[in-house]
There are 2 protein chains.
Amino acid sequence: MKLREFAQQLGLSPTTVSRALSGYPEVSEKTRKRVAEEAARLGYRPNINAVRLVTGRAGAIGVVMGRSGEFHFSEFMGGLAERLGAEDIDILVSPMDDKDPKGEIQLYSRLAVSGRVDAVIVHSPEPNDERIALLHKLGMPFLVHGRSDTDVPHAWLDIDNEGAIRRATSHLIDLGHRRIAMINGRQGRTFSLHRDKGYRDALQARGIPFDPRLVAHGNFTDELGFRFARSFLEQTPRPTAFVAGSMMTALGIYRAARSMGLEIGREVSVIAHDDVFPYLTADNMVPSLSATRSSMRAAGARSADLVLQLLAGRPTSEVQELWPVELILRESTAPPPQSK
Amino acid sequence: MKLREFAQQLGLSPTTVSRALSGYPEVSEKTRKRVAEEAARLGYRPNINAVRLVTGRAGAIGVVMGRSGEFHFSEFMGGLAERLGAEDIDILVSPMDDKDPKGEIQLYSRLAVSGRVDAVIVHSPEPNDERIALLHKLGMPFLVHGRSDTDVPHAWLDIDNEGAIRRATSHLIDLGHRRIAMINGRQGRTFSLHRDKGYRDALQARGIPFDPRLVAHGNFTDELGFRFARSFLEQTPRPTAFVAGSMMTALGIYRAARSMGLEIGREVSVIAHDDVFPYLTADNMVPSLSATRSSMRAAGARSADLVLQLLAGRPTSEVQELWPVELILRESTAPPPQSK
DNA sequence: GCAAACGACCAAACCGTTTTAAATTTTGCC
DNA sequence: GGCAAAATTTAAAACGGTTTGGTCGTTTGC
């Protein structure tokens, strides 16, 4: 049913009906109520594409999905969707070819120009991120999940990676560990740099020299966790503790330790960062995994809020949120063997 | 830039330009080329919302995302996006509240009526699925990822769950196992039923009685894998082998066995279904995990193809694809201890 | 040599809303 | 009761494309 027919049935003009439904003030309360009731009864809904054309709003926000193993992606999306569903705003997912860095910029560019979305969410930024510069230049509203060091102003939501890893590392030091290995995320990403800094600062604060041979970077996969942990554990003296970037990495470390006959929580301590997944929980691992924890789903939901605020006109400089991270100690951390 | 201005600059009518860009035949090859070149040079792109309004096509397909731990979701989406990105078709994600079954139908209904999408993908159907009936009734094109037993005609892409589990179970029987436990997916889903059937048929074919105490259903989480495996292993006589529905379930089973001092691949055999994730690979588990394997990402990509075919007018009854499943034997399966 | 068919292009109608500007009705006040 | 101001309602103009139904030469068929 079109607006025209619907209005005719009500004996009103399309204008009034449109206004009544959109909540404009210049329509009497009585008519508004009647219009709303009849709309529900007759099932009238404005054609979304006509609305989009005339208002210039897309009613959607864009998310770019990387190709390589993004298991936290669906949690973030879940949170986003949860909050956005109530607002009648769509989520539009675009794929990104990780292999072609040029393609990424083009993709964002297309997304911004095409008018399909009102705003974009940028993930895993780098300190000087090209995407951020581009979106700013194009005037497309965007929220960064993470942060960037660039001069370009940007709204962001990030967790305190530096503080989380500093505390995790400090805790291991407190327990008596001196050789602490770190398996971090992809090199170059801001969050990896922040974690590196937290790690180094914790060491430095206690006068423990930084050993580059104990640090590795890469995607969050069980395989890399295993390989890196394995190669670290083959060093002499071997590390007595690990700080790991993700749950998958932790799985790999557990395997590596086990494969070398080392008992986690006694001969090797592990702390990982847990984004909180319904399907893989730190508490259930054996031994249960000490972790810095921050819900990816909650971040997604909050990101939706922030994007909405951005679109409502709140200035970019005000939309910046840093979340503290919990440190939850479980069985995988203990004093190193020699100091027991 | 609008079509009008752009056409004027070229000295052509909007009609001709529109046709040239859309590839209609009634425009000379020479002009078409000129139009294409100038469009690229001047950066003209038709306003997508105007196109949507006038054509009535949304240029998007919808995917409904469940709330509970869908770690395969992002892989499927990745495949989908990969293929759809080239077609300039958007993917629209809607959240679903798992707790409210009524809400789900409403959601699909809204999606279909709202005109935001040209087609929908339905996941994890049930034998008599309400969503399928609804979409059929509303005349909204849709593809089911999985299958349904309903009379309602529907296009689908599914993997041969029954065959996969039959072969997995048969293989365990061949190795000498007699008490084989099965940790399946959520009760009521078609794929769970198919897997149950494969399991039972394999047992029956070899005259092994079916024992309901060896079968469990639930979400694919490590926690349920652990709990079920644990309770099965506490039975006497205990099962000597497991068939598991997912990688996460397998992780739980590994943990359970280990926690009881049982060695996987010697005292307990395990075969799981692997949807192929970049971040967690069966080959890298210790011991490496025997698995029935089928790529979720490939299924996503193919689903995109099929939806496109559906939209191009290919009849529903022709769009039905059943994929065979590989069985890959690794270290986690071996003859049971007593028969060694 | 002439009508019919064809190729290349165009003017105008239309898609279904929102919004501007103007018209109409109500209300408030003396 | 009359008049200006306020409160409602409306007609018509966008929004930016696609598509229908021509027009105007040029070929083609016989």
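Below, chains carry the letters A, B, ... as their sequence lines are ordered, and counting in each starts from 1. The structure presented is a predicted model; accordingly, all values stated were derived computationally and were not measured.
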Problem set entry | Candidates Ile159(B), Val276(B), Asp275(B) - the one meeting side chain to side chain contact (heavy atoms under 4.5 Å, CB included) with Ser295(B) |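 Output: one option passes, namely Val276(B).
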Problem set entry | Single hit among Leu111(A), Val122(A), Leu80(A) for side chain to side chain contact (heavy atoms under 4.5 Å, CB included) with Val63(A) |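 Among Leu111(A), Val122(A), Leu80(A), the one that satisfies the side chain to side chain contact (heavy atoms under 4.5 Å, CB included) with Val63(A) is Leu80(A).
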Sugar-phosphate, base or nothing in reach of [X], heavy atoms under 4.0 Å:
{"X": "Arg52(B)", "answer": "nothing"}
{"X": "Ser28(A)", "answer": "sugar-phosphate"}
{"X": "Tyr24(A)", "answer": "sugar-phosphate"}
{"X": "Ile48(A)", "answer": "nothing"}
{"X": "Thr15(B)", "answer": "base"}

Grab the [atom1]-[atom2] distance between [X] and [N] for me, whole Å please.
{"X": "Asn47(B)", "N": "dC15(D)", "atom1": "CG", "atom2": "P", "result": "11 Å"}
{"X": "Arg57(A)", "N": "dC15(D)", "atom1": "CZ", "atom2": "C1'", "result": "13 Å"}
{"X": "Leu21(B)", "N": "dG16(D)", "atom1": "CG", "atom2": "P", "result": "17 Å"}
{"X": "Glu29(A)", "N": "dA7(D)", "atom1": "CD", "atom2": "P", "result": "14 Å"}
{"X": "Asn49(A)", "N": "dT18(D)", "atom1": "CG", "atom2": "P", "result": "14 Å"}
{"X": "Arg19(B)", "N": "dG17(D)", "atom1": "CZ", "atom2": "P", "result": "16 Å"}
{"X": "Arg32(A)", "N": "dA7(D)", "atom1": "CZ", "atom2": "P", "result": "14 Å"}
{"X": "Phe6(B)", "N": "dT18(D)", "atom1": "CZ", "atom2": "P", "result": "12 Å"}

For this session: Name the residue closer to the 5' end of DNA chain C, choosing between Pro14(A) and Gly11(B) according to the nucleotide with the nearest heavy atom.
Result: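 The 5'-side residue here is Gly11(B).
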Exercise. If you find the nucleotide of DNA chain C closest to Ala50(B) and the one closest to Thr31(B), which residue's nucleotide is nearer the 5' end?
Worked result: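 So the residue in question is Thr31(B).
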For this session: Establish, with yes or no, whether the OP1 or OP2 oxygen of dG16(D) is under 4.0 angstrom from a side-chain nitrogen or oxygen of Tyr44(B).
Result: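 No, because none of the side-chain N or O atoms of Tyr44(B) sits under 4.0 Å from OP1 or OP2 of dG16(D).
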Counting N and O atoms only, with roles assigned by atom type, does the side chain of [X] sit under 3.5 Å from a partner on the main chain of [Y], one being a donor and the other an acceptor?
{"X": "His154(A)", "Y": "Ser148(A)", "answer": "yes"}
{"X": "Arg314(A)", "Y": "Leu306(A)", "answer": "no"}
{"X": "Thr55(B)", "Y": "Val51(B)", "answer": "yes"}

Problem set entry | Range on DNA chain C touched by chain B - first to last nucleotide, heavy-atom distance under 4.0 Å |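 Contacts span dA8(C) to dG16(C), reading 5' to 3'.
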For this session: Take Thr150(B) and Asp129(B), measure what side-chain contact (heavy atoms from CB on, under 4.5 Å) needs, and give me the verdict at the end.
Result: CA-CA 7 Å; Thr150(B) 174; Asp129(B) 202 287; 5.7 Å; no
Exercise. Parallel, tilted or perpendicular for Phe6(B) and Tyr44(B), by the 30°/60° rule?
Worked result: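 Phe6(B) vs Tyr44(B) ring planes: parallel.
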Exercise. Which residue, Val27(A) or Val54(A), contacts DNA chain D at a nucleotide closer to its 5' end, judged by nearest heavy atom?
Worked result: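 On the 5' side of the pair lies Val27(A).
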Exercise. What's the closest nucleotide to the Lys2(B) side chain, out of dT9(D), dA14(D), dG17(D)?
Worked result: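 Of the candidates, dG17(D) comes closest.
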Problem set entry | Over 12 non-hydrogen atoms of neighbours within 6.0 angstrom of CZ in Arg32(B) |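 Atom CZ in Arg32(B) is packed in, count exceeds 12.
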